[in-house]
Amino acid sequence: MAQCVQSVQELIPDSFVPCVAALCSDEAERLTRLNHLSFAELLKPFSRLTSEATTPWFESYRETFLQSMPASDHEFLNHYLACMLVASSSEAEPVEQFSKLSQEQHRIQHSNDYSYPKWFIPNTLKYYVLLHDVSAGDEQRAESIYEEMKQKYGTQGCYLLKINSRTSNRASDEQIPDPWSQYLQKNSIQNQESYEDGPCTITSNKNSDSNLLSLDGLDNEVKDGLPNNFRAHPLQLDPSSDSSNSIDGPDHVKSASLHETKKANTGIIHGACLTLTDHDRIRQFIQEFTFRGLLPHIEKTIRQLNDQLISRKGLSRSLFSATKKWFSGSKVPEKSINELKNTSGLLYPPEAPELQIRKMADLCFLVQHYDLAYSCYHTAKKDFLNDQAMLYAAGALEMAAVSAFLQPGAPRPYPAHYMDTAIQTYRDICKNMMLAERCVLLSAEILKSQSKYSEAAALLIRLTSEDSDLRSALLLEQAAHCFINMKSPMVRKYAFHMILAGHRFSKAGQKKHALRCYCQAMQVYKGKGWSLAEDHINFTIGRQSYTLRQLDNAVSAFRHILINESKQSAAQQGAFLREYLYVYKNVSQLSPDGPLPQLPLPYINSSATRVFFGHDRRPADGEKQAATHVSLDQEYDSESSQQWRELEEQVVAVVNRGVIPSNFHPTQYCLNSYSDNSRFPLAVVEEPITVEVAFRNPLKVPLLLTDLSLLWKFQPKGVSGEDNEEVKELVKGESEMIGTEVITEFLINSEESKVARLKLFPHHIGELHILGVVYNLGTIQGSVTVDGIGALPGCHTGKHSLSMSVRGRQDLEIQGPRLNNTKEEKTSIKYGPDRRLDPIITEEMPLLEVFFIHFPTGLLCGEIRKAYVEFVNVSKCPLTGLRVVSKRPEFFTFGGNTAALTPLSPSASENCSAYKTVVTDPTSVCTALTSSASSVDFGIGTGSQPEVIPVPLPDTVLLPGASVQLPMWLRGPDEEGVHEINFLFYYESVKKQPKIRHRILRHTAVICTSRSLNVRATVCRSNSLEDEEGRGGNMLVFVDVENTNTSEAGVKEFHIVQVSSSSKHWKLQKSVNLSENKDAKLASREKGKFCFKAIRCKEEEVATQSPEKYTFADIIFGNEQIVSSASPCADFFYRSLSSELKKPQAQSSLHTEKQSIEDAVRLIQKCNEVDLNIVVLWKAYVVEDNKQLILEGQHHVVLHTIGKEAFSYPQKQEPPEMELLKFFRPENTTVSSRPSVEQLSNLIKMSLHYPESFNHPFHQKSLCLVPVTLLLSNCSKADVDVIVDLRHKTTSPEALEIHGSFTWLGQTQYKLQLKSQEIHSLQLKACFVHTGVYNLGTPRVFAKLSDQVTVFETSQQNSMPALIIINNV
């Protein structure tokens, strides 16, 4: 609250001072007019004994209000006590003039023609003043006249005042202070023209604050009986002062003339003829008058009143009280205020004793004799209440309360209830709001001085009413300040009442005060979550600021309404938005060439901005499907992003001979908040840059953005060596360095988030900086009217009717990632750069587009399908080095390296097969047709990267605008389900570029596979001795094929058309199926079993083959051979082996003892291994849309270990069983120091040859001898020492039962050495004594490598029983 410059103890005495009138002759008035002052105005600054101080608006109002209270009959505080009669010494007969003035005063006071001015007592003090002009008058004459006056009026009743010691034309010589200007109010300036008319002056000087007296001039011509100071009340609202109301009002001319008058008067110098000596003379005169004239007169009047009261009171009071008792009983009942309402009109005659008491009280109060004043007021109060004269009673109560408060030493507490009663009486009974307001102003100041802020606030609020907006505004503001000044400040009440005050100031036309109140309240409400209150305040601040032409403040206030999450209704928000646009338009019109303003709507989520480099993807055209590549429609996936990065690193490493260059950075076509944006991105000239901006409309009304485009800055390189920056926002039509796309209309519905994709077309190399977006902000034309704002006339712009729009911009400022590497960065908050909006435009590069033709979306597991890939170079540069990389190389192939291995187009073979086929002779039943091929021919060799596949372009170059179609074979993955297969195409420019070394194109193929066949196979050694080469080592291959298809894909049946083998050392020789049914058909859920004989390849074949050479053997079940060593059969076979082929070959090392042990282990392990791979080729008959289709495919089984089952489909890993924890350190065991039992059991192959049944006449010969051949075969490539032990191992009864009672005759143990892969036969004899079935498989074979001492010696377990039947004949 603005601190008062006066305490309440100073304020009240200053507001109630003795009043003195001044009556001047024409000549006297003329002398004072030389100083542009009336006589009363001349004295005004010197009638104060305290210094003047400036006060804030409320104190000015209060002071003016108190000083301009009209004189009334129920109190005498502002009735005149004395009258100065002023004449000039230059007049012909000054003494006679005094007589005339005296008679004039008597006529004014005692004639009934005048209701104003009011006089305190009939016998008014007359003080005669002779005014002498020093510069022009005769001083001796003045002195002689003064002497004559003293003789006539006495020394106490007259005074000679000398003024005008200099002429006004010497005013510029020295600067004399002007103490009058602060007292001269608007009404006195307005009335200056009337001074010429009458002989006397009149002015309202009740503004003056005097501790002693107030001076007023009297006008001879006052005829209307109204007080002169009410002609233009100082606090009356002047409609012309309100700029907003005066534009079209009838007072426009009046206000202008008043303004000019005020302007003209500001240049007037007051007191131009007065010197400082004159100032002192006036001051001396006032003191003489006060102490010799006025104060003695007041004392005398008090004595007279006191005497009259004492003399009169006895009779009249007693008589009055006696009659009252007679008529109404002894006790006067107290009546409430409401009952006394009708008695307020009671009037006392002037000589009534009750009024004499009141007069005496007022005189004591005026001379600050507060004790006596209080007792008089108290007495008068009782009398008035007894008489039920409520107006008089209220006045007495009011002044009694003030006197009690002002008594020195405060003998009694301030009677606030007196004031409350007075206020209620004035307001409710007397209907006099001015007097009630005076009470409130005085009481509030007293309560505040006692720190009773709550009571003061309640009192101020009580007097607010509808009859005066200005008074209510000021009182509400003071009440608000009371709340904030309490011991525990009531901040919210302060803010609330400031809002109320602001509203009333606004209604009173006080726009600046209204704006100030709202701004102060805003400090409390701001940021507290009271959004509706904030909106109301901001809206009002905006409107008031706009009215006061504070346009920037208005824009700021409306901006706040829109950007805070508004809870207003849609209609209200629409009104706010239209008001904002209207104000904004006015602001922008003031400076049309200034920078574009920042717009608050819609919100932009800068961090969600995405930047895409390149053309939009073409849509699928019939069977042609464009590569998916990268687009803004794809969601970011960190896992996928990492996979693409790894693929690119893989292909770059292959191109750079296995090393990734140090300056390599993965290609990023789409930059977002997840990508690495720390480097300047590279864009290619003539390729568009798309910026996706994420807008959000927080309002419930739609926003329409028109002419939306990007704002950018470009620094071209190589333009005559200059680095001139070019800032553009719109396309101008000419071929410029950067083309800009403009979206004519972009509608964002209520509370909608929406992205806009804006394009730039760089036509020149250089540095581009995308700064933000520029657009016209508007809303759709509506018919909503809120707060009196109707829909403004709009203009039609296309689809939507735009009500109003303003042009502006919003910047895209993206905060980079927080740095967290060094210690300093970790301890402080630092952010790295984000350069996604600052691309460097580089020179031209080739641009590849890839189209897939007849590319399937669904396949059977293992199905082979042929498609075509079209490569198109859509740039102006040739491209080369085209490669494709994928994590799933087993899914596709472009064929072998040579034309001989790659079949022709599909129409060249039966049933449009994707395979290379040869028609076979039906007589070649089940023998194998062999061929060979090298894995290198199919791009797969030892240590190579099978994932990186060169695309066989003709001449390895694709020229600008050229296109080429290549066949591509696909094989359905072995697992059913949906597969996402990523292809990354890598290519380079023929002309090497320094900044961009290569480019990539991505494609993700989605293939859905359904179940087809499951193939499982095992291989075991054949026990037969039949061998064309007379050598051992035949194998039996068992293949189980199951149809697992559930007929969902319309598959009727599968035909196994061919089984092929592929190996470096083995080949299938023939089918040994017992079934004669050649046609291998499998219906749903059927299983087929095949058995094949496999033999070793001939030594010379193996010797001539390179390490990558494989022998293929085909066993055909139809009449067409599929050449398994050609594309695509061999491709997919090799790709299924790719993980094996990638393993580098073991290096030979020095022969240490440990090494020799490991070599031995390896040799033994090799006996157990077989590198035989089975390829099952099949056809499936499918019915689709009443048409029969033939699908074909292949499954692979890789056989590694003898006796171990292998599968064509991946096996699910069983979770390991829970193991007990071991709390001891395991011993350091050498890896694979001992081969397993299974491996050792395959070191020596043992087979017994004997007759299945043997007839023997036991009755002739009790012993039956049967010859048995034991065949031992060394499966390893090393010399093996063998011990054959024919003794039975155990003699337990169970063992005897198992073996039966037969024995081997002859040698019980044989020691042999078998050379590499040697076969040795032993002739044995078995002796039987009974008939029965016997197991001959009892010989135990111990083996060790010849160069080893004792290690690895173990028993050979023969798993197959050798049963013989002995019959008796």
Q.
According to side-chain hydrogen bond (donor to acceptor under 3.5 Å, both in side chains), who are the partners of Y377, at least two apart in sequence or on a separate chain?
A. D362
Q: Identify the residue among D387, D73, D383 that makes a side chain to side chain donor-acceptor pair (under 3.5 Å) with Y348.
A: D387
Q.
If the condition is side-chain hydrogen bond (donor to acceptor under 3.5 Å, both in side chains), which residues does N306 pass it with, not counting sequence neighbours?
A. none
Q.
Over 60° means perpendicular and under 30° means parallel, so tell me whether H378 and Y374 are parallel, tilted or perpendicular.
A. tilted
Q. Are the side chains of F16 and L442 in touch, meaning some heavy atoms are under 4.5 Å apart?
A. yes
**Q.** Closest contact, heavy atoms only, Y418 versus A401
**A.** CB-CB, 3.9 Å
Q | Separation of I499 CD1 from Q520 CD (nearest 0.5 Å) | A | 10.5 Å
Q | Set of side-chain hydrogen bond (donor to acceptor under 3.5 Å, both in side chains) partners for D420, sequence neighbours left out | A | none
Q: Using the test salt bridge (charged side-chain N to carboxylate O under 4.0 Å, His left out), find all partners of E437 that sit at least two apart in sequence or belong to another chain.
A: R471
Q. At what distance, to the nearest 0.5 angstrom, does CD of Q424 lie from SG of C439?
A. 12.0 Å
Q. Are any of the side-chain heavy atoms of H369 and I302 separated by less than 4.5 Å?
A. no
Q: Please check if the side chain of S472 supplies one atom and the backbone of D469 the other of a donor-acceptor pair under 3.5 Å.
A: no
Q | Parallel, tilted or perpendicular: rings of Y392 and F384 (30°, 60°) | A | tilted
Q: Please report the closest heavy-atom contact between W180 and E41, naming both atoms and the distance.
A: CD1-O, 3.0 Å
(Q) Can you tell me how far apart CG (L476) and CG (L460) are? Round to the nearest 0.5 Å. (A) 8.5 Å
Q. How about H106: does its NE2 atom have over 12 heavy atoms from other parts shown lying under 6.0 Å from it?
A. no
Q.
Just to verify, what does D371 make a salt bridge (charged side-chain N to carboxylate O under 4.0 Å, His left out) with, not counting sequence neighbours?
A. none
Q. Residues in side chain to side chain contact (heavy atoms under 4.5 Å, CB included) with R303, at least two apart?
A. E299, K300
Q) Where is the tightest heavy-atom contact between N78 and M69, given as atom of each residue plus distance? A) ND2-O, 3.0 Å
Q | Whether E398 side chain and A393 backbone form a donor-acceptor pair below 3.5 Å | A | no
Q: Please name all residues satisfying salt bridge (charged side-chain N to carboxylate O under 4.0 Å, His left out) with R427, sequence neighbours left out, ordered by chain then number.
A: none
Q: Taking the side chain as every heavy atom from C-beta outward, state whether L475 and R462 have any pair of such atoms under 4.5 Å apart.
A: no
**Q.** Residues which pass side chain to side chain contact (heavy atoms under 4.5 Å, CB included) with F496, listed by chain and number, not counting sequence neighbours
**A.** L500, Y525
Q) Does the separation of the ring centres of Y370 and F365 fall below 6.0 angstrom? A) yes
Q: Working to the nearest 0.5 Å, report the span between CZ of F405 and OH of Y414.
A: 8.5 Å
(Q) Quick one: does any side-chain atom of Q109 pair with a main-chain N or O of I121 as donor and acceptor, under 3.5 Å? (A) yes
Q: Classify the ring geometry between F285 and Y159 as parallel (under 30°), tilted (30 to 60°) or perpendicular (over 60°).
A: tilted
Q: Could you check if a side-chain atom of K359 sits within less than 4.5 angstrom of a side-chain atom of T301, using non-hydrogen atoms only?
A: no
Q: Give a yes or no on this: more than 12 heavy atoms of other residues, nucleotides or ligands lie within 6.0 Å of atom CZ of R283.
A: yes
Q.
Strictly distance-based, threshold 3.5 Å: is any side-chain N or O of H513 a donor or acceptor partner for the main-chain N or O of G509?
A. no
Q | E477 side chain near F58 side chain, heavy-atom distance below 4.5 Å | A | no
Q: With sequence neighbours left out, write down each residue that passes side chain to side chain contact (heavy atoms under 4.5 Å, CB included) with A514, or none if nothing qualifies.
A: F505, S506, Q544
Q: Could you list the residues that satisfy side chain to side chain contact (heavy atoms under 4.5 Å, CB included) with M490, not counting sequence neighbours?
A: F483, M486, K493
Q: Taking salt bridge (charged side-chain N to carboxylate O under 4.0 Å, His left out) as the test, write out the residues that go with K452, two or more places apart.
A: none
Q: Would you please name every residue forming a side-chain hydrogen bond (donor to acceptor under 3.5 Å, both in side chains) with H74, sequence neighbours left out?
A: S72
Q. Aromatic rings Y61 and F65: how do their planes relate, parallel, tilted or perpendicular, breaks at 30° and 60°?
A. parallel
